[in-house]
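Here's the structure we're looking at; comments come further down.
Model, not experiment: these values are computed from the prediction. Just so we're on the same page: letters track the sequence lines, and every chain starts at 1.
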Amino acid sequence: DVKVTQSSRYLVKRTGEKVFLECVQDMDHENMFWYRQDPGLGLRLIYFSYDVKMKEKGDIPEGYSVSREKKERFSLILESASTNQTSMYLCASTTYAANTEAFFGQGTRLTVV
Amino acid sequence: GNSVTQMEGPVTLSEEAFLTINCTYTATGYPSLFWYVQYPGEGLQLLLKATKADDKGSNKGFEATYRKETTSFHLEKGSVQVSDSAVYFCALSDNSGAGSYQLTFGKGTKLSVIP
């Protein structure tokens with residue numbers, strides 16, 4: 001079974017903490033994505049990466065950074081967590097080929113207090 | 001830029017009712033279209049897709065037809081079950097090559113099916 005695995009299902013962090021969300025895929029996919037999901041807003045793209053060490057900003061990159069040192073792993077970093085970053089975070093991966101589906105992790109629900 | 005608009009929810013139906021969730025899109029080029037489903041407490045999973053005009057995607061009794069003339073990809077099911085209760089997302093993939101096949105999502109429609 002193909003898999004995208006996020007390191008935590010639930011996280012509670014304090015304001016100002018540095019937070020790492022990890023995502024690993026076992027499908028040898030080139031593209032990886034981080035989204036956040038909020039009620040009424042759907043999924044919004046934070047960052048994506050199309051190759052190792054490559055990254056591109058999505059629609060809402062402010063307050064976030066990413067790291068992709070290995071093809072299978074894509075990390076989302078909140079440099080200084082704030083309460084407005086409380087959300088569900090979803091990681092996804094796809095191949096370069098057109099028309100292919102994205103595979104999603106199970107999500108990490110982050111609460112910043 | 002690309003965008004996807006889907007009907008606002010929540011939608012509540014009785015078991016065995018007919019379901020339609022409307023989805024329209026704006027895109028340059030020739031996108032692929034997808035419906036994803038998110039069951040409670042889980043990530044998204046692909047429900048069905050269509051890659052060119054007039055294609056029909058189908059899975060688990062759900063269907064959607066890629067209509068280029070109306071830029072639509074409405075999701076339908078003839079008889080819903082309680083187990084279909086979930087959030088449904090319409091999405092498109094930009095195949096122009098400029099966006100590395102990013103997915104653009106609608107805001108999601110929550111469906112509740114009552115016995």
Which one, A/Ala102, A/Gly107, A/Gly105, A/Pro39, leads in non-hydrogen pairs under 4.5 Å with chain B?
-> A/Ala102

Residues of residues 105-115 of chain B within contact distance of chain A, non-hydrogen under 4.5 Å | B/Phe105, B/Gly106, B/Lys107

Close contacts, residues 40-47 of chain B versus chain A, judged by heavy atoms under 4.5 Å = B/Gly41, B/Glu42, B/Gly43, B/Leu44, B/Leu46

Out of curiosity, does [Y] fall in the hydrophobic cluster containing [X] (side-chain heavy atoms, cut-off under 4.5 Å, transitive links)?
X       : Y       : value
A/Val4  : A/Leu21 : no
A/Leu90 : B/Val4  : no
A/Phe33 : A/Phe74 : no
B/Trp35 : B/Leu13 : yes
B/Leu48 : B/Tyr39 : yes

Measure distances from A/Gln37 to the heavy atoms of chain B and classify the residue's part below 4.5 Å as side chain, backbone, both or neither.
-> side chain

In terms of heavy-atom proximity below 4.5 Å to chain B, should A/Arg9 be classed as side chain, backbone, both, or neither?
-> side chain

Just wondering, are more than 12 heavy atoms of other shown residues or ligands nearer than 6.0 Å to CZ in A/Arg44?
-> yes

Assess whether atom CZ of B/Phe18 is packed by more than 12 heavy atoms of other residues, nucleotides or ligands within 6.0 Å.
-> yes

Side-chain donor-acceptor contacts of residues 61-71 of chain B below 3.5 Å, not counting sequence neighbours, with atom names and distances?
| from | atom 1 | to | atom 2 | distance (Å) |
| --- | --- | --- | --- | --- |
| B/Tyr66 | OH | B/Pro31 | O | 2.7 |
| B/Thr70 | OG1 | B/Ser72 | OG | 2.8 |
| B/Thr71 | OG1 | B/Tyr25 | O | 3.4 |

Separation between OH of A/Tyr35 and CG of B/Leu103, rounded to the nearest 0.5 Å = 4.5 Å

Heavy-atom closest pair (B/Phe89 atom, A/Leu43 atom, distance to 0.1 Å) is CE2-CD1, 3.5 Å

By a 4.5 Å heavy-atom criterion (distance strictly below it), what part of B/Gln38 contacts chain A: side chain, backbone, both, or neither?
-> side chain

Please list, one pair per line, the donor and acceptor atoms closer than 3.5 Å that link side chains of residues 58-68 of chain A to other protein atoms, with sequence neighbours excluded.
| from | atom 1 | to | atom 2 | distance (Å) |
| --- | --- | --- | --- | --- |
| A/Tyr64 | OH | A/Arg36 | NH1 | 3.0 |
| A/Tyr64 | OH | A/Tyr89 | OH | 2.7 |
| A/Ser65 | OG | A/Glu79 | OE2 | 2.9 |
| A/Arg68 | NE | A/Lys71 | O | 3.2 |
| A/Arg68 | NH1 | A/Glu30 | O | 2.6 |
| A/Arg68 | NH1 | A/Ser49 | O | 3.3 |
| A/Arg68 | NH1 | A/Ser49 | OG | 3.0 |
| A/Arg68 | NH2 | A/His29 | O | 3.2 |
| A/Arg68 | NH2 | A/Glu30 | O | 3.0 |
| A/Arg68 | NH2 | A/Lys71 | O | 2.7 |

